[in-house]
Asker: 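A single structure is presented below for examination.
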2 protein chains.
Amino acid sequence: MQKNDNKAKYYKLMEYLKDEILMSRIKPGEQVPSENSLAEEFLLSRHTVRKAISMLVNEGYLYTEHGKGTYCTDWNRKRTNSKNIGVITTYISEYIFPKVVTGIEQVLSDNGYSIFLKNTNNNPLKEALYLEDLLENNIAGLIIEPSKSALFSNNLQYFKALDGHNIPYVFIHGYHQKLEATSYVMLDDAAGMYKAVEYLIKLGHKRIAGIFKGDDMQGLNRHKGYAQALFDGRLLYNPDDVVWFSTEDKDTKPTEVIRQFMEEKRGIDSVVCYNDDIAFRVFELLTGMSIKVPEDISLIGFDDSYLSANSSVKITSVSHPKEKLGEIAAQILLQMLKDSNYLKNPIQNVITPGLVIKESCIQR
Amino acid sequence: MQKNDNKAKYYKLMEYLKDEILMSRIKPGEQVPSENSLAEEFLLSRHTVRKAISMLVNEGYLYTEHGKGTYCTDWNRKRTNSKNIGVITTYISEYIFPKVVTGIEQVLSDNGYSIFLKNTNNNPLKEALYLEDLLENNIAGLIIEPSKSALFSNNLQYFKALDGHNIPYVFIHGYHQKLEATSYVMLDDAAGMYKAVEYLIKLGHKRIAGIFKGDDMQGLNRHKGYAQALFDGRLLYNPDDVVWFSTEDKDTKPTEVIRQFMEEKRGIDSVVCYNDDIAFRVFELLTGMSIKVPEDISLIGFDDSYLSANSSVKITSVSHPKEKLGEIAAQILLQMLKDSNYLKNPIQNVITPGLVIKESCIQR
DNA sequence: AATTATTTGTGCGTATGTATC
DNA sequence: AGATACATACGCACAAATAAT
């Protein structure tokens, strides 16, 4: 112990003990000397020793067992006492997200956890805000759909902080590229889109336009599958037939460009879309232009959502597991919470979607 | 302060002081009596008083200033810019609740709020735990489906604490009886069940069994509508034809008693159920006993959920607005957050449900 | 099965230090 | 300077839980 500072005796003892713990001279689970023996050793009253110990108990370094002794906390597992899980998604109440979130809730609340729901609207600044927020609140774990996962993220520091605090996190739909080993559950977006395009080619389509989102990983991968399927089907990949949009112009650009394509009569016979939301908008656009689906143009969406089932012509779409995806993410997180080894050995789950054939494509 | 529990003195004092704070008898910023005067007042040693106070300081209820005094923490300030809303429901991911929660999320996240989701499993002790939890986190408001709303609640103190901190809250589905003026949105459960029974009477049914939940307000009101409809239809109300169950025995008692009814062949020609969950179980029971719905027994559920649509014979049910109910609750809360006058003038919204006629009832 | 030693938990008394008004 | 309030510190006694004898 130190020489004479002007610090209080209990405070110096507390610092000494904390140091012993941090330097692993007192190891997790190990018993610390009894109050009486510490008092004797450091020539203090038991009361003073108790004060020092109670501070460390409050900070979580130690815990006491009545009649047995005082022990060093194994704070790799310490987070267990928080039963709050942060869930950050791009959207919550729209599209397929309610179902994904329901799947997460199902599993987590069955296991006694509460959920802190936040949506970023795909805005990395909001993501940063919420990550900071959740770090301050004391959460046991995090499930996150990254915002703009294709772009470089400034939020990596927060994930490193989570690593530092041994707070496990699971990505869904995509993950920030720069993180080396992370747990995630996502779709094989390329394979899904490949199936859609392959199907159109089999039906005899020659000019397949594609609409893709440029600022998330899903969009890039779906585009990859599109290009690969064209190549394998011996069709030319024509950059001019591809529409790229982003979060900011998603409500206007896809339909505007497709309208232009149609007005130019450049001979497109089908369109594959980033998701059902876009597909549904394109369907409405085409209907408004008196272009018939599927007679004039075949159309395929992605995610097999209610949007592809509600239109007057049901839109063929690539499946999305929705609740199942949420459940898997939650189960992965639970495993990581149970066994801290999983923090080092990430669990990665890729689901291969299938094509759900409805009414929006016909043989050419 | 209380009488003699076997709790420790310091603990009882701590609870007493915490209660004073939660009930706003000690207001934020206000100075609490000095250690010596508390010791004198409660005939305790100063040391014991200090122990109680130090716990409350640790939990953040109080803070001390050396040489000046001990003060009540003002967590109002922090709350003002909080964009977090607590949502406590009995269940989250089952039955109609995902839709209700989705409605809440829709409105709140559109207005920039995050949601803290907790489910009580209809256990008032968990409700208490979560209410305390949310009071310590800084939430801007609360939407709550009360647990066991028919029974006397020990959790009223927390709602008074919310009042004291100007945190608005909205009840859904029911409300704790003892609170005088609260905002809520709920169904006219009596009217809904009345319509169901009236419909059965019109179809010529004479012996209508009823299954009701005894520990929430909805159950009592649905029973009320049942009894009133029988009376108006000049049928005898027979207590032996009524099954009461509670949260704890919901999975066993309703079907067991109905099985007994059937084995006794007491001439029941129809069953109205507290909700679709019960109705679905009864349907499966009857089918298992080779009793046909609706040929032998007519059956009506409540909530118009997927359960009443998924069975082989679609079950006639009383409608429930689900998302709409969630949206209304969220909108009420937003109004209360915007205009603090609403805290004094509660907004109460009662939705009258209708009967959704499907396939489970026929003319006798 | 009862006893005993050890350890933490509760509670009181006292004295002194130090910051605030 | 003095009164008041919280902070530190020591000592003592007994209660309650635990583990070993």
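What's counted below: heavy atoms across the whole structure, side chains too, no hydrogens, waters or symmetry copies. Every chain is numbered from 1, with letters handed out A, B, ... down the list of sequences.
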Asker: Which of the following nucleotides, dC10(D), dC12(C), dT8(D), is nearest to the side chain of A8(A)?
Answerer: dT8(D)
Asker: What's the separation between atom CD1 in I104(B) and atom CG in L117(B), rounded to the nearest 0.5 Å?
Answerer: 8.0 Å
Asker: Taking the minimum atom-to-atom distance to the side chain of K51(A), which one of dT8(D), dA7(D), dC12(C) wins?
Answerer: dT8(D)
Asker: Rounding to an integer number of Å, can you tell me how far K9(A) NZ sits from dA7(D) C1'?
Answerer: 14 Å
Asker: What's the closest nucleotide to the side chain of S45(B) if the choices are dC10(D), dT8(C), dC12(C)?
Answerer: dC12(C)
Asker: Rounding to a whole Å, what distance do you find between Y63(B):OH and dA5(D):P?
Answerer: 16 Å
Asker: For Q31(B) and dA19(C), what is the distance between atoms CD and P respectively, to the nearest whole Å?
Answerer: 19 Å
Asker: Go through the side-chain N and O atoms of D163(A) and Y169(A) and say whether any donor and acceptor fall under 3.5 Å apart.
Answerer: yes
Asker: Mind checking whether L44(A) and Y10(A) have side chains closer than 4.5 Å, heavy atoms only?
Answerer: no
Asker: Taking protein heavy atoms under 4.0 Å as touching, what does nucleotides 12-21 of chain D look like 5' to 3' if B marks base contact, S marks sugar-phosphate-only contact and - marks none?
Answerer: -B--BBSS--
Asker: Answer yes or no: is there a donor N or O on one side and an acceptor on the other, between the side chain of E145(B) and the main chain of T90(B), under 3.5 Å?
Answerer: yes
Asker: Using the side chain to side chain donor-acceptor pair (under 3.5 Å) rule, pick out the option among N121(B), D216(B), D215(B) that qualifies with T247(B).
Answerer: D215(B)
Asker: Does N123(B) reach the main-chain N or O of T120(B) with its side chain, forming a donor-acceptor pair under 3.5 Å?
Answerer: no
Asker: When you measure from the centre of the six-membered ring of Y130(A), is the NZ or CZ of K126(A) under 6.0 Å away and within 45° of the axis?
Answerer: no
Asker: In whole angstrom, give the distance that lies between atom CG of L13(A) and atom C1' of dA7(D).
Answerer: 17 Å
Asker: Just so I know, are the side chains of I144(A) and L131(A) near enough to count as touching, which here means a heavy-atom distance under 4.5 Å?
Answerer: yes
Asker: With respect to the side chain of R50(B), which nucleotide from dA7(D), dA9(D), dT8(C) is positioned closest?
Answerer: dA7(D)
Asker: Quick check: does any side chain N or O of T73(A) sit under 3.5 Å from a backbone N or O of Y61(A), one acting as donor and the other as acceptor?
Answerer: yes
Asker: Short of 4.0 Å, heavy atom to strand atom, which residues of residues 32-40 of chain B count as contacting DNA chain C?
Answerer: none
